[in-house]
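Keep in mind it's a predicted model, so treat the numbers as computed, not measured. Residue numbers start from 1 in every chain, and the chains themselves are labelled A, B, ... in the order their sequence lines are given, proteins ahead of strands.
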4 protein chains.
Amino acid sequence: METRTVGHMQFVLDLSLPIYEQMVNQIQRMIARGEVELGMKLPSVRDMAVQLKINPSTVVRAYQELEREGLCEKRRGQGTFITSSQAKVEEVKKQLAAEALHSFIENMRSLGITKELAQKWLEEAEWE
Amino acid sequence: METRTVGHMQFVLDLSLPIYEQMVNQIQRMIARGEVELGMKLPSVRDMAVQLKINPSTVVRAYQELEREGLCEKRRGQGTFITSSQAKVEEVKKQLAAEALHSFIENMRSLGITKELAQKWLEEAEWE
Amino acid sequence: METRTVGHMQFVLDLSLPIYEQMVNQIQRMIARGEVELGMKLPSVRDMAVQLKINPSTVVRAYQELEREGLCEKRRGQGTFITSSQAKVEEVKKQLAAEALHSFIENMRSLGITKELAQKWLEEAEWE
Amino acid sequence: METRTVGHMQFVLDLSLPIYEQMVNQIQRMIARGEVELGMKLPSVRDMAVQLKINPSTVVRAYQELEREGLCEKRRGQGTFITSSQAKVEEVKKQLAAEALHSFIENMRSLGITKELAQKWLEEAEWE
DNA sequence: GTGGTCTAGACCACA
DNA sequence: GTGGTCTAGACCACT
């Protein structure tokens, strides 16, 4: 579990989980939270790799995933950029939130917990 | 995605996750939901393997994991049994529920979603 | 972990360890502590099995082990008896104690713990 | 009873105990004695298996056990490393020593041996 | 290259 | 019969 900063972006990496996946998740979420500017250039693969002390091919894979989802785009010779489409960002955000909600419900239901109880727990929970 | 029945237990196995992990999850949840009797004998490693069409050592691994958590116990020459301790079951259930809640909150927060919105979505969601 | 009593003998059995071994150990120690009379008849295999709720062949194996060590002897048609030889009892007791001491020392040494420290811990330890 | 050396580590393996267990014990103790550097990379599963002439999955099991205790950590694609936490090492060392002490005392007490006698024997014993 | 999982099949200890 | 261990070898995901 390590925290590293690249440009304005801060990453928390746990080497026991797929690193490229953690990068994808964290970049998705920085975009969703509006923490990074749309259309912005991402650090180069090389910079990212050096500063996160990881293998460049791991960064490549993360960028590819983000591109596949439409959150990023590669421009030959220039680098990888965050999408400029606010609509795309909203779409991904909605989808991630829906997945989280669905998986929460499935988890609770499979444990035999009622909706009412789950709601109560959520209400009582600290959010920050 | 295949559904198979062993005794009174029904399993849904796919290839997206380790089989032993799916077994552990599903057995945990059957116990948590009170679908299987406490103290009951689980199918023998061999029976389980034959009926799920998987390798015996995969079953062994799942049973070991359940034993490590205290949900099962092995009796020499007799087989593997579900714990008789209702308290242990509650403990594990609470823990799994707490994990689900925590991960839901983390997911939502990291997407910049407010507690109020999350609660609204949960309220509106179908539970069954 | 269950406690069961047969005649004057009390056993603590943990079904996750070899039962015959636990029986041997506990009978050896009852004899060493002078808790059972020398020359006494042990419960029959059948009685022992019924009262401990274990398989008769397990009792047979335990009695065989004790016979092999010379702590017990089988008399055809009469049953199994504890040795009458105080010398034999002392011999086994010495051997078990020597083994315990040796294994303690090996354990501590392999952890890099000095004799002085081990002695200090032993001195500080509760005995009862 | 065979002695094999892998890197700076020397193993003594016999057939009286599970191999993975012997490996765990011996690696724990090398770490406790300070014989291996904290944070060091352990030999890869394959190397270890080849040099100890055992099956890779046996090594995997030993490494998993050490990871579960917190003495080792796996880094994706890089290998298995000994923890860098001196505190963790001390914790495990203390626990192993406590277990050894406890089992020694239990053994002696169950034989009806007094604390004074046990102390005398320990004092008289060769440590090296 | 690393570890993770799974299979098939053997042999053993225990009850 | 039960579970426990080990082997040999395959395939996969990750770096």
Side-chain angles (χ1 to χ4, degrees), chain A residues 13 15-24 45 49 52-62 65, chain B residues 13 15-23 41-50 52-67 72-81, chain C residues 13 15-23 45 49 52-62 65, chain D residues 13 15-23 41-50 52-64 66-67 72-81:
Chain A
L13 297 182
L15 297 182
S16 72
L17 294 172
I19 297 177
Y20 83 94
E21 220 171 279
Q22 299 179 61
M23 289 183 66
V24 168
V45 167
L52 294 182
K53 293 185 185 165
I54 62 179
N55 196 303
S57 64
T58 304
V59 182
V60 168
R61 181 152 183 195
E65 279 292 314
Chain B
L13 301 180
L15 298 172
S16 70
L17 285 174
I19 298 177
Y20 80 92
E21 215 171 288
Q22 298 179 58
M23 290 183 65
K41 182 179 179 303
L42 284 169
S44 78
V45 169
R46 284 160 175 79
D47 282 357
M48 195 64 120
V50 168
L52 294 182
K53 294 185 184 163
I54 60 177
N55 192 285
S57 54
T58 304
V59 182
V60 166
R61 183 153 182 196
Y63 281 9
Q64 277 175 340
E65 194 61 36
L66 289 164
E67 199 188 10
C72 291
E73 81 183 59
K74 304 233 164 91
R75 300 194 200 136
R76 301 248 157 178
Q78 299 187 42
T80 302
F81 296 76
Chain C
L13 297 182
L15 298 181
S16 71
L17 293 172
I19 297 176
Y20 83 94
E21 218 172 280
Q22 297 179 61
M23 289 182 65
V45 167
L52 294 183
K53 294 186 184 163
I54 61 179
N55 195 302
S57 64
T58 305
V59 182
V60 168
R61 179 150 184 198
E65 280 291 315
Chain D
L13 301 180
L15 298 173
S16 69
L17 285 173
I19 298 177
Y20 81 91
E21 215 170 289
Q22 299 179 57
M23 288 182 67
K41 182 179 179 302
L42 284 169
S44 78
V45 168
R46 285 160 175 79
D47 282 357
M48 195 66 119
V50 168
L52 293 183
K53 294 186 184 163
I54 60 180
N55 192 287
S57 54
T58 305
V59 182
V60 165
R61 183 154 184 194
Y63 281 10
Q64 277 175 340
L66 290 165
E67 198 188 10
C72 290
E73 82 183 59
K74 305 232 163 91
R75 301 194 199 137
R76 303 247 155 177
Q78 299 187 39
T80 302
F81 296 76

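As rounded to whole Å, 12 Å separates atom C1' of F:dG3 from atom CD of B:Gln78. For C:Leu17 and E:dC14, the CG to C1' distance is 12 Å, given to the nearest whole Å. The distance from atom CE of D:Met48 to atom P of E:dG3 is 10 Å, rounded to the nearest whole Å. Note: CD (D:Gln64) to P (E:dC6) measures 11 Å, nearest angstrom. Rounded to whole Å, atom C1' of E:dT5 lies 14 Å from atom CG of B:Leu13. Following rounding to the nearest Å, D:Glu73 (CD) and E:dG3 (P) show an atom-to-atom distance of 13 Å. What separates CG of B:Leu15 from C1' of F:dA10 is a distance of 15 Å, to the nearest Å. Atom CG of B:Leu52 and atom P of E:dC6 are 12 Å apart (whole Å).
Which of E:dT7, F:dT5, E:dA15 sits closest to the side chain of B:Arg76 comes down to E:dA15. Distances from the side chain of D:Val60 to the nucleotides F:dT2, E:dG4, F:dC6 place E:dG4 closest. Among E:dA15, F:dT7, F:dT15, the nucleotide with an atom closest to any side-chain atom of A:Ser57 is F:dT15. Of the candidates E:dT7, F:dC6, F:dC14, F:dC6 carries the atom nearest the D:Ile19 side chain, counting heavy atoms from C-beta on. Among the nucleotides E:dT7, E:dA15, F:dT5, the one closest to any side-chain atom of B:Asn55 is E:dT7. The side chain of B:Tyr20 lies closest to E:dT5 when the candidates are F:dT5, F:dG3, E:dT5. Listed nucleotides E:dA15, E:dG3, F:dT2 differ in distance to B:Arg46; the shortest reach to its side chain belongs to F:dT2.
Under the 3.5 Å distance criterion, the side-chain polar atoms of D:Gln22 are matched with a main-chain donor or acceptor of D:Leu17.
Taking for each of B:Gly77 and D:Pro43 the nucleotide of DNA chain E with the nearest heavy atom, the 5'-most of the two is the partner of D:Pro43. Toward the 5′ end of DNA chain F lies the nearest nucleotide of B:Leu42, the other residue of the pair A:Glu21 and B:Leu42 mapping further downstream. In terms of position along DNA chain F, the nucleotide closest to B:Thr80 lies nearer the 5' end than the nucleotide closest to the other residue of the pair D:Thr58 and B:Thr80.
Here the CD1-CZ distance, from C:Ile54 to B:Arg75, works out to 14.0 Å after rounding to the nearest 0.5 Å.
Close to E:dT2, at under 4.0 Å from its OP1 or OP2, lies no side-chain N or O of D:Arg75. OP1 or OP2 of F:dT5 lies within a sub-4.0 Å distance of a side-chain N or O belonging to D:Arg61. Taking 4.0 angstrom as the limit, B:Lys74 places none of its side-chain polar atoms (N or O) nearer than this to OP1 or OP2 of F:dT2.
Of all heavy-atom pairs between D:Ala62 and D:Tyr20, the closest is CB-O, 3.8 Å.
Proximity of A:Glu21 to A:Glu65: side-chain heavy atoms (C-beta onward) are nowhere separated by under 4.5 Å. Between B:Arg76 and C:Thr58 the shortest side-chain heavy-atom distance does not fall below 4.5 Å.
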Worked verdict on B:Glu67 versus B:Thr80 for side-chain contact (heavy atoms from CB on, under 4.5 Å)
CA-CA 9 Å; B:Glu67 199 188 10; B:Thr80 302; over 6 Å; no
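For E:dC11, the paired nucleotide is F:dG4, the pair qualifying as Watson-Crick or G-U wobble because both relevant distances are below 3.5 Å.
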